[in-house]
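All remarks here apply to the structure that follows.
Throughout, residue positions are numbered sequentially from 1 according to the sequence presented.
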Amino acid sequence: MSTLETIVVVGAGHAGVQAAASLREEGFAGQIELVSGEHALPYQRPPLSKKFMTEQMAPSDLLLRGEQFYADKDIGLRLGDKVLEIDRADKSVQLASGARLAYDHLILATGSKPRSTDLVGAELDGVQRLCDVDDAIRLRQALRRVGNVVIVGAGFIGLEIAATATAMGTAVHVVELANRPMARVVSEPVSSFFANMHCAAGVQLSLGVSVAQIIGSEGRVKQIQLSDGRQLPADIVILGIGAQARDELGSAAGLACGNGIEVNEMMTTSDPSISAIGDCALHQNSFAGNRPFRLESIQNAVDQGRVVARKLVNKPARYDTVPWFWSDQAHCKLQIAGLAVDCDRVIIRGDQSADDFAVYSFQGERLRCVETVNRSGEHMAARRLIGANVSVTPEQVAASDFDPREKARQVANPAAAA
């Protein structure tokens with residue numbers, strides 16, 4: 001059992017809440033302090049760009065856990081009190097309220113933040129980001145009373161908002177510097193499919209161009225100017241230009257940081273008394289080619305929260321899980337298992353014209369990534385196949401009689417397959 005008495009968790013998103021909950025599940029009996037700079041009870045963020053935006057979800061539906069959970073599990077919940085500084089020598093953190101919390105072990109689950117920008121006009125009224133529930137409330141109110149929305153960035157968040165705003169009857173123009181949507185995370189066939197889907201729904205899509213400046217009048221946005229000289233009318237500009245790790249606390253405390261706070265397979269930082277998990281953690285993963293890697297996903301946050309809890313009660317703990325994530329855009333659910341790292345061949349199964357297909361990406365003969373659209377069962381099978389490093393060739397996948405779910409069942413029960 002653990003000899004630790006006090007564990008402080010900084011950040012109350014999926015990673016931080018899961019770490020605190022898992023500590024209790026694993027039998028930790030000491031003090032747990034969960035600290036959040038937000039005043040709201042810990043909540044989930046993915047619905048903010050979708051169901052919450054269209055008022056299909058109430059704020060209470062977003063909660064990760066009910067308020068009573070924290071009392072029942074004896075988890076100290078400090079809301080609206082930001083951590084300002086880590087004192088590693090004293091093993092304590094300084095809070096904005098003036099309080100100081102001592103720790104035997106510190107877990108940093110600080111998440112990510114919108115990428116900074118020096119774009120001219122970004123300070124104008126009507127230029128918005130979607131970071132938290134307050135942003136989502138302001139944005140959904142604005143979308144009901146404007147005519148033209150320009151979204152800068154065709155990543156998951158940008159395209160999810162585009163689908164939502166279009167369904168609400170708003171004219172949407174998406175501007176993306178890359179030559180295809182979601183270029184950083186999906187294959188070319190998936191990019192092309194979603195570009196066509198959004199355009200068919202009425203979204204205007206400008207690719208391979210950047211925003212030169214945002215132009216306003218009397219302090220409010222009126223239009224944007226693109227790098228190719230075009231000017232687009234804009235009642236609202238939504239910046240979806242990516243995120244970066246919230247690693248300032250770790251960096252200021254002298255922890256090793258790159259694109260995030262560096263950790264080993266047990267989520268331990270360069271200070272053995274401090275762990276980092278979730279969006280802020282830079283870790284190595286065999287499914288990312290054993291290179292330093294930071295992933296912004298619920299799966300990553302939850303799994304790492306569980307790993308660090310097991311470690312802290314002296315149970316076997318190592319993080320090397322198949323990355324998986326998803327994006328809901330209009331009527332299409334995109335689910336991704338694995339990462340398309342250094343892939344050189346893709347096999348498409350299914351019917352793209354019917355919004356029902358899968359893309360298998362290979363590095364040589366090794367299956368690295370499977371992207372599915374409206375095929376949740378195949379996604380689950382793909383996670384098992386990639387996780388078990390099953391030997392399956394592009395030719396086998398391309399065969400008409402290939403059944404990924406049957407192949408996954410054989411992996412789960414090799415005796416029955418024999």
Side-chain angles (χ1 to χ4, degrees), residues 12-14 36-64 67 79-80 82 111-117 119-176 198 201-205 211 213-224 231-243 296 298 327-331:
H14 279 88
S36 172
E38 293 192 61
H39 292 276
L41 284 169
Y43 60 92
Q44 51 182 320
R45 283 174 165 74
L48 296 182
S49 58
K50 301 178 281 290
K51 288 187 176 181
F52 186 78
M53 189 71 66
T54 56
E55 298 188 79
Q56 296 178 59
M57 292 180 71
S60 59
D61 297 327
L62 294 173
L63 297 182
L64 288 168
E67 185 171 8
L79 301 177
K82 184 178 179 180
S112 58
K113 62 182 179 180
R115 192 169 299 281
S116 59
T117 178
L119 185 62
V120 174
E123 76 289 346
L124 291 168
D125 287 345
V127 179
Q128 302 195 36
R129 297 179 185 263
L130 181 56
C131 306
D132 56 35
V133 67
D134 292 332
D135 290 336
I137 291 171
R138 285 192 295 270
L139 187 53
R140 75 182 182 187
Q141 291 172 343
L143 287 175
R144 296 194 180 283
R145 61 174 185 266
V146 301
N148 295 295
V149 174
V150 175
I151 300 172
V152 183
F156 283 173
I157 292 295
L159 293 183
E160 288 169 2
I161 297 174
T164 301
T166 301
M168 295 169 69
T170 305
V172 177
H173 200 131
V174 177
V175 178
E176 169 58 49
H198 284 286
V203 174
Q204 297 183 69
L205 192 59
V211 177
Q213 63 175 323
I214 303 174
I215 302 170
S217 175
E218 298 180 349
R220 182 163 186 85
V221 63
K222 292 297 180 183
Q223 57 189 350
I224 69 167
Q231 292 187 342
L232 307 178
D235 300 305
I236 293 178
V237 173
I238 302 170
L239 300 180
I241 55 176
E296 297 157 15
I298 291 175
S327 176
D328 292 322
Q329 299 175 33
H331 60 285

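Asp135 places a side-chain N or O within donor-acceptor distance of the main-chain N or O of Cys131, the cut-off being under 3.5 Å. Judged by distance alone, the side chain of Thr170 and the main-chain N or O of Thr166 form no donor-acceptor pair under 3.5 Å. The main-chain N or O of Thr54 is never found under 3.5 Å from a side-chain atom of Arg140 such that the two would form a donor-acceptor pair. Glu176 places a side-chain N or O within donor-acceptor distance of the main-chain N or O of Ala154, the cut-off being under 3.5 Å. No donor-acceptor pair under 3.5 Å is formed between the side chain of Ser49 and the backbone N or O of Ile161. In terms of modelled atom types and a separation under 3.5 Å, the side chain of Asp235 and the main chain of Gly147 share a donor-acceptor contact.
Residue Ile215 holds its CD1 atom at 12.5 Å from NZ of Lys222, rounded to the nearest 0.5 Å. Atom OG1 in Thr164 sits 9.5 Å away from atom CD in Gln329 (nearest 0.5 Å). The CE atom of Met57 sits 12.5 Å away from the OH atom of Tyr43 when rounded to the nearest 0.5 Å. Here the straight-line distance linking atom CG of Leu124 with atom CD of Glu218 works out to 12.0 Å at 0.5 Å rounding. Put simply, CD1 on Ile157 and OG on Ser327 are 7.5 Å apart, with the number rounded to the nearest 0.5 Å.
For the pair Met168 and Leu143, the tightest heavy-atom approach, listed with the atom from each and the gap, is CE-CB, 3.9 Å. In plain terms, the two heavy atoms of Val221 and Val127 that are nearest each other are CB-CG2, 4.3 Å. When all heavy atoms are compared, the tightest approach of Val174 to Ala162 is CG2-CB, 3.9 Å. Of all the heavy atoms in Asn148 and Pro233, the pair that sits closest is CB-O, 3.6 Å.
In this structure the side chain of Arg129 reaches within 4.5 angstrom of the side chain of Thr117, judged on heavy atoms. Residues Leu62 and Pro47 are in side-chain contact: their nearest non-hydrogen atoms beyond the backbone lie under 4.5 Å apart. Here the side chains of Ile236 and Val150 are not in contact, with every heavy-atom distance at 4.5 Å or above. With a 4.5 Å cut-off on side-chain heavy atoms, Leu64 and His14 count as touching. Here the side chains of Leu232 and His173 are in contact, with some heavy-atom distance below 4.5 Å. Counting only heavy atoms from C-beta outward, the side chains of Gln128 and Leu239 never approach each other to under 4.5 Å. With contacts defined as side-chain heavy-atom distances shorter than 4.5 Å, the pair Leu159/His198 qualifies. Within the 4.5 Å cutoff, side-chain heavy atoms of Ile137 are placed close to those of Phe52.
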Dump the intermediate steps for side chain to side chain contact (heavy atoms under 4.5 Å, CB included) on Ile151 and Val175, then the final yes or no. CA-CA 6 Å; Ile151 300 172; Val175 178; over 6 Å; no
Would you sort out whether Val211 and Leu119 count as a side chain to side chain contact (heavy atoms under 4.5 Å, CB included), showing the intermediate values? CA-CA 8 Å; Val211 177; Leu119 185 62; 3.9 Å; yes
From CA spacing to verdict: side chain to side chain contact (heavy atoms under 4.5 Å, CB included), Ile238, Val152: CA-CA 6 Å; Ile238 302 170; Val152 183; over 6 Å; no
Could you walk me through whether Glu38 and Ser36 pass the side chain to side chain donor-acceptor pair (under 3.5 Å) test, one step at a time? CA-CA 5 Å; Glu38 293 192 61; Ser36 172; 5.3 Å; no
Show your reasoning for whether side chain to side chain contact (heavy atoms under 4.5 Å, CB included) applies to Gln44 and Leu63. CA-CA 6 Å; Gln44 51 182 320; Leu63 297 182; over 6 Å; no
Could you go step by step and tell me if Glu123 and Arg220 meet the salt bridge (charged side-chain N to carboxylate O under 4.0 Å, His left out) rule? CA-CA 9 Å; Glu123 76 289 346; Arg220 182 163 186 85; over 6 Å; no
Glu55 vs Arg144, test: salt bridge (charged side-chain N to carboxylate O under 4.0 Å, His left out). Steps then yes/no. CA-CA 12 Å; Glu55 298 188 79; Arg144 296 194 180 283; 3.2 Å; yes
